[in-house]
Protein chains: 4
Amino acid sequence: MGGPGRPRSKAARSAVLRAALEIVQESGYPVLTMEGIARRAAVSKQTVYRWWPSKAAVLLEALNEGATEIAPLPDTGDLADDLRAFLRRSTLGARGRTARLLVALMAEAQLYPAFGRSFQTGFLAQRRAVMVELLQRARTRGEIRSDVDLELVTELFFGALWYRLLAGSGTLDRRFADQITDLLLRLVAEA
Amino acid sequence: MGGPGRPRSKAARSAVLRAALEIVQESGYPVLTMEGIARRAAVSKQTVYRWWPSKAAVLLEALNEGATEIAPLPDTGDLADDLRAFLRRSTLGARGRTARLLVALMAEAQLYPAFGRSFQTGFLAQRRAVMVELLQRARTRGEIRSDVDLELVTELFFGALWYRLLAGSGTLDRRFADQITDLLLRLVAEA
Amino acid sequence: MGGPGRPRSKAARSAVLRAALEIVQESGYPVLTMEGIARRAAVSKQTVYRWWPSKAAVLLEALNEGATEIAPLPDTGDLADDLRAFLRRSTLGARGRTARLLVALMAEAQLYPAFGRSFQTGFLAQRRAVMVELLQRARTRGEIRSDVDLELVTELFFGALWYRLLAGSGTLDRRFADQITDLLLRLVAEA
Amino acid sequence: MGGPGRPRSKAARSAVLRAALEIVQESGYPVLTMEGIARRAAVSKQTVYRWWPSKAAVLLEALNEGATEIAPLPDTGDLADDLRAFLRRSTLGARGRTARLLVALMAEAQLYPAFGRSFQTGFLAQRRAVMVELLQRARTRGEIRSDVDLELVTELFFGALWYRLLAGSGTLDRRFADQITDLLLRLVAEA
DNA sequence: TAATAACCGAGACGGTACGTCGCGTCTTAGG
DNA sequence: CCTAAGACGCGACGTACCGTCTCGGTTATTA
């Protein structure tokens with residue numbers, strides 16, 4: 001347990017995460033730099049580079065740190081209720097400050113493949129997995145017709161959600177969540 | 001017509017656009033810089049800055065230059081046929097080199113609001129408008145139930161398309177296009 | 001005269017030279033850094049690197065700037081007078097602040113061959129050349145025996161001078177200069 | 001003998017000295033760093049810092065370790081023979097690898113006063129002392145005129161030697177040694 | 001036989017400079 | 001008024017070393 005050598009400083013780690021979040025909130029993602037993070041956290045640059053490969057990685061860890069459950073899995077036994085709840089939480093949780101964060105991470109994921117992979121599998125895929133499980137349970141209960149691709153249905157929702165985030169084609173409010181809920185329910189409903 | 005002074009050099013303009021495209025294709029978007037564009041185009045930096053505010057703007061103009069129509073509007077008089085054709089073209093047109101370009105522009109649009117606005121209204125919104133018009137014509141023909149929000153349906157498709165581009169959740173092939181087509185048709189179809 | 005492009009800033013150049021000198025005088029050579037020079041001169045690092053390859057190069061140019069003639073060539077027509085004058089000036093000119101500068105440059109010349117070459121040919125060799133010329137003139141007048149290697153005699157003096165600078169084996173004062181003068185005169189004098 | 005606690009590791013000490021010598025020989029003095037020494041010696045940095053204050057100190061100790069006597073004192077009873085032998089050995093011993101080492105140490109001595117003092121008194125002064133003693137013995141035998149400053153004569157030789165090392169003004173070969181020998185003999189010889 | 005004390009390696013820490021790159025602006029000569 | 005050329009201040013990049021520190025472990029002397 002813990003070989004030789006000075007152990008990693010928890011204080012430095014949390015100072016870095018906090019600094020990154022603060023800079024992004026205050027000044028926006030393009031202003032965020034490894035240099036700036038180190039400066040604000042009163043930490044050496046080397047320490048930041050030792051533990052994170054990029055500013056996006058810092059931010060992703062900070063995001064996963066605080067926001068453990070943006071959208072936990074509801075389970076009332078009724079598809080319509082569960083789905084509506086999940087979509088509402090997911091939608092409303094992707095607004096404001098969080099929206100700016102998500103959008104920046106998605107952008108960075110496109111520009112830097114190494115981070116892209118970790119973002120896609122470590123964040124996006126996990127969010128989809130939650131919804132797929134929700135649908136899967138409903139299917140077990142016989143609420144969903146057998147010819148529907150649950151993965152695809154899940155992509156329809158997250159696609160619409162992210163599209164609004166990225167394309168600015170509309171607001172992310174309860175009405176949006178409920179509209180999508182109704183459409184998806186119609187698609188998956190047993191005849 | 002054309003005030004005093006030396007007129008704008010067409011050679012410089014096209015050299016810049018070509019250089020930008022080449023750099024992106026060869027080395028990826030993050031390597032693209034205003035400095036590099038000017039160097040490759042054998043043009044002074046000042047000239048680039050005079051006519052384009054950012055590297056993304058150069059790239060967007062280059063994209064609009066070559067790619068006339070990714071997905072022109074089909075009109076056979078039958079919703080199913082038109083929709084299927086449009087989705088197939090849109091999907092297949094967003095692969096390979098074009099995919100890399102689109103993805104980079106979307107990323108840049110998130111990071112730099114000024115470019116983001118021009119990208120959202122000048123590119124994304126226009127693509128949606130084409131599809132909405134397609135659906136609108138079908139509604140006029142009575143093929144679409146009246147309680148469906150055509151804008152939202154359009155977002156479902158482009159959302160899924162962009163989500164696959166950005167999240168890498170699946171391939172963009174004819175099967176994908178047809179699956180979405182079937183789902184959307186079920187959603188909008190008259191009882 | 002002066003092709004295209006913005007001309008080099010004289011203000012920046014002299015600010016850099018001045019800053020380098022000041023830092024060395026105040027804090028010593030090891031404290032001198034390219035970064036520090038740029039900071040103090042209120043000039044970008046790039047500008048420093050554009051014109052000088054190293055901090056030693058900056059310092060050498062600064063030295064050659066101010067101290068045009070540390071030891072100009074005396075010419076009275078008498079070897080003893082000329083030599084004594086030259087050695088005195090050379091010796092007394094290598095004290096105090098100048099000593100610290102010379103010593104640092106010599107050290108740097110050993111550590112970085114590229115600078116070493118420019119220092120040896122651009123500074124040291126020129127000082128020797130002056131003294132050799134002095135002796136040469138005396139030889140023309142018949143004051144120096146023919147079997148003496150004037151280059152070697154010159155090295156004897158500069159060797160002793162530099163040795164005292166570097167090894168701290170004694171002071172650099174008029175007495176030292178005169179002692180060496182006497183010895184050298186004895187060596188070169190006609191029988 | 002030797003208080004409590006683990007005794008100093010001889011293995012670590014010699015590994016450090018060897019590593020320092022190897023690095024300097026292979027890559028030159030500027031590449032030598034405390035960090036690199038520790039790495040190569042497979043020793044912790046702390047251990048290096050515990051026993052040596054600087055890389056120059058390591059090197060000086062390594063130099064004194066291996067090189068017992070560069071120029072031991074000859075004593076044939078004849079000034080000319082002794083002087084010629086001493087100058088030859090001193091000159092030829094300051095070439096090749098040793099030259100690089102000497103030059104680096106001299107440079108470092110200029111840059112870091114603490115090391116400078118130990119180098120001047122612990123190395124340079126001792127070399128001069130040997131030669132002064134040689135001359136002193138000759139004076140006792142009546143071979144040297146009484147008005148000559150033996151310290152100064154010694155500086156003439158070492159000055160010329162070091163000057164050639166540092167200024168690259170000529171080669172260090174037997175011819176050089178013999179030329180200087182002749183000149184010095186002429187200077188000190190009884191009328 | 002324990003306690004104590006100085007050593008050892010590993011390695012993280014806050015700093016600071018390195019030399020390079022791109023930013024967006026500017027100043028020149030010339031078409 | 002445009003163009004190419006290119007210098008400018010600025011600031012981030014990612015790396016290297018600095019000298020210090022904090023670990024777990026190792027060897028000796030002393031109690």
Side-chain angles (χ1 to χ4, degrees), chain A residues 1-9 11-13 15 30-39 41-51 53-55, chain B residues 2-9 11-12 30-39 41-51 53-55, chain C residues 1-9 11-13 31-39 41-51 53-55, chain D residues 1-9 11-12 31-39 41-51 53-55:
Chain A
M1 192 73 243
R6 180 173 174 173
R8 177 173 180 186
S9 159
R13 175 176 177 275
V31 173
L32 185 69
T33 63
M34 291 296 256
E35 192 122 11
I37 292 171
R39 196 159 39 225
V43 143
S44 86
K45 264 206 291 182
Q46 191 60 46
T47 295
V48 185
Y49 277 106
R50 209 189 322 263
W51 302 109
S54 66
K55 58 179 184 168
Chain B
R6 181 174 174 174
R8 176 174 182 185
S9 160
V31 173
L32 185 69
T33 62
M34 293 295 257
E35 193 118 12
I37 292 170
R39 206 180 307 136
V43 142
S44 86
K45 271 204 293 180
Q46 191 64 262
T47 298
V48 185
Y49 278 106
R50 208 189 320 267
W51 303 110
S54 68
K55 59 178 184 169
Chain C
M1 194 74 245
R6 179 171 175 174
R8 177 172 179 185
S9 160
R13 174 175 178 276
V31 173
L32 185 69
T33 63
M34 292 295 256
E35 191 121 12
I37 293 171
R39 195 160 39 224
V43 143
S44 86
K45 264 206 290 183
Q46 192 60 47
T47 296
V48 185
Y49 278 106
R50 208 187 324 263
W51 302 108
S54 67
K55 57 179 184 168
Chain D
M1 196 76 253
R6 181 174 175 173
R8 178 174 179 184
S9 159
V31 172
L32 185 69
T33 62
M34 293 296 257
E35 193 118 13
I37 292 171
R39 208 180 306 135
V43 142
S44 86
K45 270 204 295 179
Q46 191 63 264
T47 298
V48 185
Y49 278 106
R50 210 190 318 266
W51 302 109
S54 69
K55 58 179 184 168

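Chain identifiers are assigned alphabetically (A, B, ...) following the order of the sequence lines, protein sequences preceding nucleic acid strands; residue numbering begins at 1 within each chain. As the structure is a prediction and not an experimental result, all values here were calculated from the model.
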Participant: Please report the closest heavy-atom contact between A:S9 and A:A12, naming both atoms and the distance.
Facilitator: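 In this case the closest contact between A:S9 and A:A12 is OG-N, 2.9 Å.
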
Participant: Does a nitrogen or oxygen in the side chain of A:R13 sit under 4.0 Å from OP1 or OP2 of E:dA12?
Facilitator: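 Result: no.
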
Participant: Could you grab the distance from atom NZ of B:K45 to atom CE of B:M34, nearest 0.5 Å is fine?
Facilitator: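 It is 9.5 Å, given to the nearest 0.5 Å.
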
Participant: Could you say whether C:A12 or B:S9 is positioned toward the 5' end of DNA chain F, judged by the nucleotide with the nearest heavy atom to each?
Facilitator: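 Checking each residue's closest nucleotide, the 5'-ward one belongs to B:S9.
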
Participant: Would you mind telling me which residue lines up with the more 5' stretch of DNA chain F, D:P7 or D:S54, judged by nearest nucleotide?
Facilitator: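 Taking each residue's closest nucleotide, the earlier one in sequence belongs to D:S54.
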
Participant: Can you pull every protein N or O that's under 3.5 Å from an N or O on nucleotides 13-16 of chain F?
Facilitator:
unit_1: F:dC13; atom_1: OP1; unit_2: A:M34; atom_2: N; d: 3.1
unit_1: F:dC13; atom_1: OP2; unit_2: A:M34; atom_2: N; d: 3.4
unit_1: F:dC13; atom_1: OP2; unit_2: A:E35; atom_2: N; d: 2.8
unit_1: F:dG14; atom_1: OP2; unit_2: A:Y49; atom_2: OH; d: 2.6
unit_1: F:dG14; atom_1: N7; unit_2: A:K45; atom_2: NZ; d: 3.0
unit_1: F:dG14; atom_1: O6; unit_2: A:K45; atom_2: NZ; d: 2.6

Participant: Between D:K55 and D:I37, what is the shortest heavy-atom contact and its length?
Facilitator: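 For D:K55 versus D:I37, the nearest heavy atoms are CB-CD1, 4.4 Å.
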
Participant: Students often get this wrong, so: under 4.0 angstrom with heavy atoms, is C:A38 touching a base, only sugar-phosphate, or nothing?
Facilitator: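 Result for C:A38 = nothing.
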
Participant: Check for me whether C:R13 meets the cation-pi criterion with C:W51, that is, NZ or CZ under 6.0 Å from the six-membered ring centre and within 45 degrees of the ring axis.
Facilitator: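 No, C:R13 does not sit over the ring of C:W51.
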
Participant: What is the distance from CZ of C:R8 to C1' of F:dA5, rounded to the nearest Å?
Facilitator: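 Value for this atom pair: 17 Å.
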
Participant: Can you tell me which nucleotide in F:dA4, E:dG9, E:dA5 comes closest to the side chain of C:P4?
Facilitator: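 Shortest atom-to-atom distance from the side chain points to F:dA4.
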
Participant: Is the distance from OP1 or OP2 of E:dC13 to the nearest side-chain N or O of A:S44 less than 4.0 Å?
Facilitator: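 It does not, given that no N or O in the side chain of A:S44 lies less than 4.0 Å from OP1 or OP2 of E:dC13.
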
Participant: Would you state whether a donor and an acceptor, one from the side chain of B:R6 and one from the base of F:dT3, lie under 3.5 Å apart?
Facilitator: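 When only heavy-atom distances are counted, B:R6 does not reach the base of F:dT3 through any donor-acceptor pair under 3.5 Å.
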
Participant: Find the distance D:R50:CZ to E:dA5:P and express it as a whole number of Å.
Facilitator: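 Rounding to the nearest Å, CZ of D:R50 and P of E:dA5 are 16 Å apart.
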
Participant: For C:S44, check side-chain hydrogen bond (donor to acceptor under 3.5 Å, both in side chains) against everything at least two apart and list the hits.
Facilitator: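 C:S44 satisfies side-chain hydrogen bond (donor to acceptor under 3.5 Å, both in side chains) with C:T47 once adjacent residues are dropped.
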
Participant: According to a strict under-4.0 Å criterion, is A:W51 in side-chain N/O contact with OP1 or OP2 of E:dG11?
Facilitator: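 No, no such contact exists.
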
